[in-house]
There are 2 protein chains.
Amino acid sequence: MRSSSYIPQPEETNLSEFKFFKHLTDTEIGKLNYDKTCQTYKKGSVVYREGTRLTGFYCVTNGILKIYKTGIDGKEQIIRFVKQGDIIAFRSLLSQELACTSAKVIDDAVLCHIPYQTLLYLLQNNWKFSHWMIQILCRELREANDYITDIAQKTVRERLAEVLLLLKDNFDVDDDGTLQISLTREELANMVGTATESVIRLLSEFKQDKLIELKGRKIRFLDVPTLRRMASI
Amino acid sequence: MRSSSYIPQPEETNLSEFKFFKHLTDTEIGKLNYDKTCQTYKKGSVVYREGTRLTGFYCVTNGILKIYKTGIDGKEQIIRFVKQGDIIAFRSLLSQELACTSAKVIDDAVLCHIPYQTLLYLLQNNWKFSHWMIQILCRELREANDYITDIAQKTVRERLAEVLLLLKDNFDVDDDGTLQISLTREELANMVGTATESVIRLLSEFKQDKLIELKGRKIRFLDVPTLRRMASI
DNA sequence: ATGCAATTGTGACCAAAATTACATATTTTG
DNA sequence: CAAAATATGTAATTTTGGTCACAATTGCAT
């Protein structure tokens, strides 16, 4: 179930390790570690739900989560998968809106909650940090725009190939090219924006074409260049 | 061609009128007006092009532009339409990436160019302004995520209805309910993410169903509630 | 271990929307 | 103003991908 055999205890977490906080001074890191609350979450638990008010944002210390929106008749659209070092819930928090996505644990996770006031304090007092925040938002905005274009213009096959490559670049792949993150076909479909059956069919096709190998939910990459060409990127 | 009979001369522009700059002090507004360069752009001209390096961002003083990405074999995906008071090109500028979109004038426009250094100076020295910038980015990010869900889950008919309502809310509508912005069928298609022929067909259908009235490129709203229900929002 | 629930896989069928191919308007430009 | 270019409209056809139905398998909880 858990992807690594060692899960750090919440108390030991030191947020200074994470890139997101790289511009903070020692004093600020001290305040951050003092204000934070860390907690473990079991697979399947929901960290926050669309439509609720957030009291802070979270830094992922360990594990994997999916961030998704609930669309027409409950069908979920996965916006992104997050892992160690990623931060979540900051978008709705900073615009002081209700959460526009939900976050569900896919692989047992440890998250640190940082209160809104602490974030505001850091943004206000450390220009480098707030500039870094702006750059992260800008990058995410570009990715979102890219994805809009993809979903509007590419076929399901192209998008599935692209999502597989995206997972390969962002999550652990072991020595023989096997993707460590394990998603259901439905989750893949909800990321690609298609029906579960289509994903099943296309994965079989990719397997037939010797692009990937399938062992249950584990996907092993056999021919990345062709996959890349197929994704038209 | 031009939507209003009076086009302000670039020199007269005072940026303090625009909401985006509402948190700046008088001194800062002074610096801004001093650093800016305003220019008129004719319909069809391209303000900046995808892949180029930006030297600053623009504030739209007048006119209408489309912001779009060029996807597979040159098909453009329109990300948004902008008008008076909107700012453009700040995303790529702030993340210091090459422009990921292009901006083309749809209705003769006047734009003010504000250099990168000026923006950085203002962000760094005025917390309220930089917080406002963060909030704008967050809002755009939410809109992008919403649109991803829409495009992935809704039918073309639903999306077209939604785009029409979005245009109605963001652009001038005259007394008898006629949308003043005039777009080609192809531009509508590139916003909705579909083929031009599909837009033509669906617009005729909407007209048959007495939801809208068509006079060339002018669209007049007859039954907004039904349209809203059709868009499933 | 056993049984229920969820997931995966497959095939047939259907609906939505893209593509193709033209005909007709309408803009734009020389 | 006329010619050329661009945009609009329509119909026929094809493709893609969604839906439905059902079987087989796997996972999970008691």
Side-chain angles (χ1 to χ4, degrees), chain A residues 1-2 42-45 66 71-77 104-108 150-163 182-208 212-219 230 232, chain B residues 1-2 42-45 66 71-78 104-108 150-161 163 182-208 212-219 230 232:
Chain A
M1 192 60 32
R2 52 181 59 164
K42 284 277 158 209
K43 174 174 175 164
S45 54
K66 60 178 171 184
I72 315 294
D73 46 57
K75 189 168 160 56
E76 64 184 42
Q77 175 64 39
K104 192 178 229 174
V105 177
I106 284 189
D107 255 15
D108 291 359
D150 279 357
I151 250 180
Q153 300 195 356
K154 289 186 179 175
T155 62
V156 172
R157 172 183 280 99
E158 290 174 302
R159 267 144 53 200
L160 178 59
E162 186 170 9
V163 163
S182 123
L183 304 172
T184 65
R185 306 294 195 246
E186 191 182 7
E187 281 166 337
L188 274 172
N190 291 343
M191 177 89 207
V192 171
T194 186
T196 310
E197 292 91 332
S198 296
V199 165
I200 292 173
R201 246 182 283 275
L202 286 168
L203 282 180
S204 306
E205 216 180 275
F206 287 2
K207 183 179 153 184
Q208 289 253 308
I212 57 171
E213 199 175 270
L214 297 170
K215 268 190 203 129
R217 290 184 187 162
K218 291 294 179 194
I219 296 170
M230 175 168 285
S232 348
Chain B
M1 191 59 33
R2 51 180 62 165
K42 283 277 160 211
K43 174 174 176 166
S45 55
K66 60 177 170 185
I72 315 293
D73 45 56
K75 186 167 162 58
E76 64 184 42
Q77 176 63 39
I78 296 180
K104 191 178 230 173
V105 177
I106 284 188
D107 255 15
D108 292 359
D150 280 357
I151 245 178
Q153 301 194 355
K154 289 185 178 173
T155 63
V156 172
R157 172 183 282 101
E158 289 174 303
R159 268 144 53 202
L160 178 59
V163 163
S182 125
L183 304 171
T184 65
R185 305 296 194 242
E186 191 181 7
E187 280 166 336
L188 274 173
N190 291 342
M191 177 89 205
V192 172
T194 188
T196 310
E197 291 89 336
S198 296
V199 165
I200 291 172
R201 235 186 298 277
L202 287 168
L203 282 181
S204 306
E205 217 178 275
F206 287 1
K207 182 178 154 186
Q208 289 253 308
I212 56 171
E213 198 174 272
L214 298 169
K215 265 189 205 132
R217 288 182 189 165
K218 292 292 179 196
I219 296 171
M230 174 167 286
S232 350

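The figures that follow rest on heavy atoms only: side chains count, while hydrogens, waters and symmetry mates do not. So that the names make sense, note that chain A is the first sequence line, chain B the second, and so on, each numbered from 1.
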Atom [atom1] of [X] and atom [atom2] of [N]: how far apart are they, to the nearest Å?
X       : N       : atom1 : atom2 : result
L203(A) : dT10(C) : CG    : P     : 11 Å
R201(A) : dG11(C) : CZ    : C1'   : 8 Å
L183(A) : dA6(C)  : CG    : P     : 19 Å
K43(A)  : dA29(D) : NZ    : P     : 10 Å
E205(A) : dG17(D) : CD    : P     : 10 Å
K42(A)  : dA29(D) : NZ    : P     : 12 Å
L214(B) : dT8(D)  : CG    : C1'   : 11 Å
K75(A)  : dT19(D) : NZ    : C1'   : 12 Å

Of R185(B) and T155(A), the one whose closest DNA chain D nucleotide lies more 5':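 Of the two residues, R185(B) wins.
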
I'd like to know if the side chain of Q77(B) and the backbone of N190(B) have a donor-acceptor N/O pair within less than 3.5 Å.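 Yes; at least one donor-acceptor contact below 3.5 Å.
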
Main-chain N/O of I72(A) paired with Q153(B) side-chain donor or acceptor, under 3.5 Å: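 Indeed, once roles are kept as given, a pair shorter than 3.5 Å links the two residues.
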
Picking from [options], which would you name as closest to the side chain of [X]?
X       : options                  : answer
S198(A) : dA7(D), dG17(D), dA17(C) : dG17(D)
I200(B) : dA18(C), dG9(D), dG18(D) : dG9(D)
E197(A) : dG9(C), dT19(D), dT20(C) : dT19(D)
V156(B) : dA17(C), dG18(D), dG9(D) : dA17(C)

May I ask you to verify if any side-chain N or O of [X] is less than 4.0 angstrom from the OP1 or OP2 atom of [N]?
X       : N       : value
T194(B) : dA18(C) : yes
S204(A) : dG9(C)  : no
R217(A) : dT8(C)  : yes

Does T196(A) reach a base, just sugar-phosphate, or nothing at all? Heavy atoms under 4.0 Å.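 Result for T196(A) = nothing.
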
Distance-only side-chain donor-acceptor flag, E158(A) / S232(A), under 3.5 Å: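 Yes, side-chain donor-acceptor contact under 3.5 Å.
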
Does atom NZ (K75(A)) have a neighbourhood of more than 12 heavy atoms from anything else shown, all under 6.0 Å?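 Atom NZ in K75(A) is packed in, count exceeds 12.
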
Salt-bridged, D108(A) to K43(A), with N to O below 4.0 Å?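 Looking at D108(A) and K43(A), the cut-off is not met.
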
Confirm from the modelled atom types if R159(A) and dT16(D) form a donor-acceptor pair under 3.5 Å, side chain to base only.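 Between dT16(D) and R159(A), which were checked side chain against base, a qualifying N/O pair under 3.5 Å is absent.
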
